[in-house]
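This report concerns only the one structure given below.
Predicted model, so just to flag it, every value in this text is computed and none were measured. Values reported hereafter were calculated over all heavy atoms of this structure, with side chains retained and with hydrogens, waters and symmetry mates removed.
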Amino acid sequence: MTNPSQARPTRFRTGGLSPRKPTRFDHEAGAEERRALAADLGLLSLRSLRLTGEITPAGRDEMVLSARLVVDADQACVVTLAPVRARIDEPVRRRFVADLQTPDGDEIEMPEDDTLEPMPEVIDLAEVAAEALALALPLYPRAPGAELGTLVHAPDGVAPLTDADLKPFASLAALARQSPPKDDDKG
């Protein structure tokens, strides 16, 4: 059990943050949080997750979170399902702006600054770390030497299609290159 005097806050009320100096943090996920996050993200395991940094005031209506995310996780190989170690060491940056208008509608343009977010009532470090991890994980992890190979689907007695079968004019072009040129001047 953690000593309460050593417990570090993981949630910060934005109204309670200093308007003049940075608020430093060091969030290290516990075993239960790592287990839940691994299940949510489809990881085989999440060995460690640490988010360290600071929340700095930037003007009257803006806070900037600058941090470093360090993670050790195991993902399943997309070919063999064998465990693949993922070591992530990434910068994390969020700009929280008061009264930021979020566009409505079915089609909206992505802003140039993808760190910009509306100012929340509470900045939850566990949520920031989970989002940053989801974005940083390799999409298609592969174990060393894992190859997809060739997959053939054909009924019995039927020859499967090859790349050459799908390009019928390639063989005609090859024949044209091999035949001698015609002499049109005879005649």
Side-chain angles (χ1 to χ4, degrees), residues 1-78 81 83-143:
M1 186 150 186
T2 311
N3 182 345
S5 64
Q6 293 176 343
R8 296 181 187 124
T10 61
R11 296 170 50 94
F12 295 94
R13 287 188 108 21
T14 52
L17 293 171
S18 171
R20 290 189 235 355
K21 62 179 184 170
T23 301
R24 289 177 176 71
F25 60 83
D26 185 355
H27 171 65
E28 191 165 2
E32 191 60 38
E33 182 183 341
R34 289 193 321 268
R35 239 185 323 277
L37 188 53
D40 286 348
L41 296 176
L43 301 173
L44 299 176
S45 71
L46 184 54
R47 299 170 187 275
S48 66
L49 180 144
R50 187 174 203 161
L51 183 70
T52 57
E54 62 186 23
I55 303 168
T56 308
R60 224 180 71 181
D61 297 329
E62 188 174 327
M63 293 281 180
V64 177
L65 180 144
S66 300
R68 185 134 219 97
L69 177 70
V70 179
V71 175
D72 274 314
D74 288 323
Q75 294 178 274
C77 172
V78 295
L81 300 181
V84 177
R85 175 71 49 95
R87 171 83 173 149
I88 295 168
D89 188 344
E90 297 255 332
V92 176
R93 182 175 163 83
R94 300 288 185 275
R95 285 183 47 219
F96 301 108
V97 178
D99 300 324
L100 180 68
Q101 300 299 315
T102 55
D104 293 348
D106 293 337
E107 294 185 23
I108 58 171
E109 285 190 35
M110 292 297 294
E112 284 184 35
D113 184 357
D114 64 353
T115 66
L116 201 59
E117 295 184 18
M119 180 81 72
E121 206 172 296
V122 173
I123 297 173
D124 187 334
L125 298 178
E127 286 180 13
V128 171
E131 178 184 280
L133 174 58
L135 293 171
L137 283 168
L139 292 177
Y140 304 104
R142 275 203 188 171

In a table with atom names and distances, give each donor-acceptor pair under 3.5 Å that connects a side chain of residues 38-48 to protein atoms at least two apart or in another chain.
{"unit_1": "Ser45", "atom_1": "OG", "unit_2": "Asp74", "atom_2": "OD2", "d": "2.9"}
{"unit_1": "Arg47", "atom_1": "NE", "unit_2": "Asp74", "atom_2": "OD2", "d": "3.1"}
{"unit_1": "Arg47", "atom_1": "NH2", "unit_2": "Asp74", "atom_2": "OD2", "d": "2.6"}

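- Of all the heavy atoms in Leu51 and Leu125, the pair that sits closest is CD2-O, 3.7 Å.
- Between Arg94 and Glu131 there is a salt bridge, with a side-chain nitrogen of the basic residue lying less than 4.0 Å from a carboxylate oxygen of the acidic one.
- Of all heavy-atom pairs between Ala143 and Cys77, the closest is N-SG, 3.2 Å.
- Residues Ser18 and Thr23 approach most closely at N-OG1, 4.3 Å, considering heavy atoms.
- For Arg68, the CZ atom sits in a packed shell: over 12 heavy atoms of surrounding residues, nucleotides or ligands are nearer than 6.0 Å.
- Put simply, the side chain of Arg85 reaches to within 4.5 Å of the side chain of Asp72, judged on heavy atoms.
- We find the CD1-CD distance between Ile123 and Glu117 to be 9.0 Å, quoted to the nearest 0.5 Å.
- Under the 4.5 Å side-chain criterion, counting only non-hydrogen atoms from C-beta, Val78 is in contact with Pro141.
- You'll find the side chain of Arg87 reaches within 4.5 Å of the side chain of Val70, heavy atoms only.
- Formation of a donor-acceptor pair under 3.5 Å by the Gln75 side chain with backbone atoms of Pro138 is found in this model.
- Scanning all heavy atoms of the two residues, the minimum distance from Glu33 to Ala126 falls at OE2-CB, 3.4 Å.
- Separation of atoms NE2 (His27) and CG (Leu69) is listed at 9.5 Å; rounding is to 0.5 Å.
- Across every non-hydrogen atom of Pro118 and Phe96, the tightest pair is O-CD2, 3.8 Å.
- By the side chain to side chain contact (heavy atoms under 4.5 Å, CB included) test, Glu90 is found to be paired with Ile88, Ala136, residues two or more places apart in sequence or in another chain being considered.
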Donor-acceptor pairs under 3.5 angstrom involving side-chain atoms of residues 57-67: please list them, not counting sequence neighbours.
{"unit_1": "Glu62", "atom_1": "OE2", "unit_2": "Arg95", "atom_2": "NE", "d": "2.8"}
{"unit_1": "Glu62", "atom_1": "OE2", "unit_2": "Arg95", "atom_2": "NH2", "d": "3.4"}

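- Distance CZ/Arg24 to OG1/Thr56: 7.5 Å, rounded to 0.5 Å.
- Thr14 places no side-chain N or O within 3.5 Å of a backbone atom of Val122 that could act as its donor or acceptor partner.
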